[in-house]
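What follows is a single structure, written as structure tokens, with notes after it.
Proteins get letters first, then strands, A, B, ... in listed order; numbering begins at 1 in each.
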Amino acid sequence: MIDVRIATWNVNSIRSRIDRVEAWLARSDVDVLAMQETKARDAQFPYARLHDLGYEVAHHGLNQWNGVAILSRVGLDDVRVGFDGDPGWGEPLAAEARSIGATCGGIRMWSVYVPNGRAIGDPHMAYKLDWLARLREQASAWAADGTPVALCGDWNIAPQDDDVWSMEYYLDKSHVSPPERAAFNAFLDAGFVDVVRPHAPGPGVYTYWDYQRLAFQKRRGMRIDFVLGSPSFAARVAGAAIDREERKGAGASDHAPVVVELTD
DNA sequence: ATGGTAGTAGAACTA
């Protein structure tokens, strides 16, 4: 085992964000990055520029939507695209590019982009809940033998009232509904731990701010990006932080990177 | 005020 810095970041298009991603990797010094919403097919992904920074890269992208990747400079083995039981979407029903796993520095990393339920009662909401239930089943199995597992990504759920800038605003909207929170809490009940919250407690601590209505400037955000660690992973967490500085300025993603430091 | 921004696209869809 080695000391490792891992991170998760919804980049909202790798092709439009590659300059900022490169600069952030250089100054953040992370060893492993789980990326979501690359919005690119594999053939469009800028592998070479990330290789030049010293990272091995596994990407899964089928079209202009979704897309997930894992970057690592501490090994990238046993890459797995998707998980058993992914309910899929569309006609014909097919798994979207929302999950990829790899073993990096002894950690089983997963980059997950949980479906956006859009609205209460929307068919996308049922898909989201089903997708999460299936992922939880698999995640429990991955961690059952004591393997350190990290489920990293954009969960599109704000599990606690303090995780949104206004519960009044989100009343009866997606991301805060009881079924979504139950789907998230099922991971905690299964033994996974939100390893960032103790090091970045709320209220007022978020990972996502809408591009519209000056949400970032008005501090109107949501905490929806999480690293959920299995017990053996959580035991090694020495620190964590949300890099809200990266949300600033022209050309920022609407999500901030979330960094977790592990010790031996 | 049923808006606003940003991404993929090259019109509308997604978030």
Sequence neighbours excluded - salt bridge (Lys or Arg N to Asp or Glu O under 4.0 Å) pairs with any residue from residues 135-149 of chain A: none

Whole Å only: how far is the CD atom of A:E37 from the C1' atom of B:dA9? 15 Å

If I pick the C1' atom on B:dT14 and the same atom on B:dA9, what distance separates them, to the nearest angstrom? 11 Å

Are A:K248 and A:D243 within salt-bridge range, i.e. N to O under 4.0 Å? no

What is the distance from CZ of A:R98 to C1' of B:dA15, rounded to the nearest Å? 11 Å

Distance in angstrom units between A:N66 CG and B:dT14 P, rounded: 11 Å

Aromatic plane relationship, A:F216 with A:W209 - under 30° parallel, 30 to 60° tilted, over 60° perpendicular: perpendicular

Round to the nearest Å and state the distance from A:R220 atom CZ to B:dG4 atom P. 17 Å

Using the C1' atom as the point on both nucleotides, what is the distance between B:dA15 and B:dG4, in whole Å? 14 Å

Would you say that A:D86 contacts A:R134 through its side chain, given a criterion of any heavy-atom pair below 4.5 Å between the two side chains? no

Within this structure, what is the CG-to-P distance between A:N116 and B:dC13, rounded to whole angstrom? 16 Å

With a 4.0 Å cut-off on heavy atoms, is A:F216 in touch with a base, just the backbone sugar-phosphate, or nothing at all? nothing

Nearest whole Å is fine: how far is B:dA15 C1' from A:Y127 OH? 15 Å

Could you grab the distance from atom CD of A:E37 to atom CG of A:N66, nearest 0.5 Å is fine? 7.0 Å

Between A:R41 and A:Y113, name the one whose nearest nucleotide on DNA chain B is closer to the 5' end. A:R41

What is the separation between atom CG on A:D154 and atom C1' on B:dT14, rounded to the nearest whole Å? 13 Å

According to the interplanar angle, ranging from 0 to 90°, do the rings of A:W110 and A:W142 count as parallel (below 30°), tilted (30 to 60°) or perpendicular (above 60°)? parallel

Ion pair A:D31/A:R73, N-O distance below 4.0 Å: yes

Sort me out a list of protein N/O and nucleotides 5-8 of chain B N/O pairs below 3.5 Å, or just none if empty.
residue : atom : partner : partner atom : Å
B:dT5   : N3   : A:Q212  : NE2          : 3.4
B:dG7   : OP1  : A:R17   : NH1          : 3.1
B:dG7   : O3'  : A:S13   : OG           : 3.1
B:dT8   : OP1  : A:S13   : OG           : 2.6
B:dT8   : O3'  : A:R15   : NH2          : 3.4

Say you pick atom P in B:dC13 and the same atom in B:dG3; how far apart are they, in whole Å? 15 Å

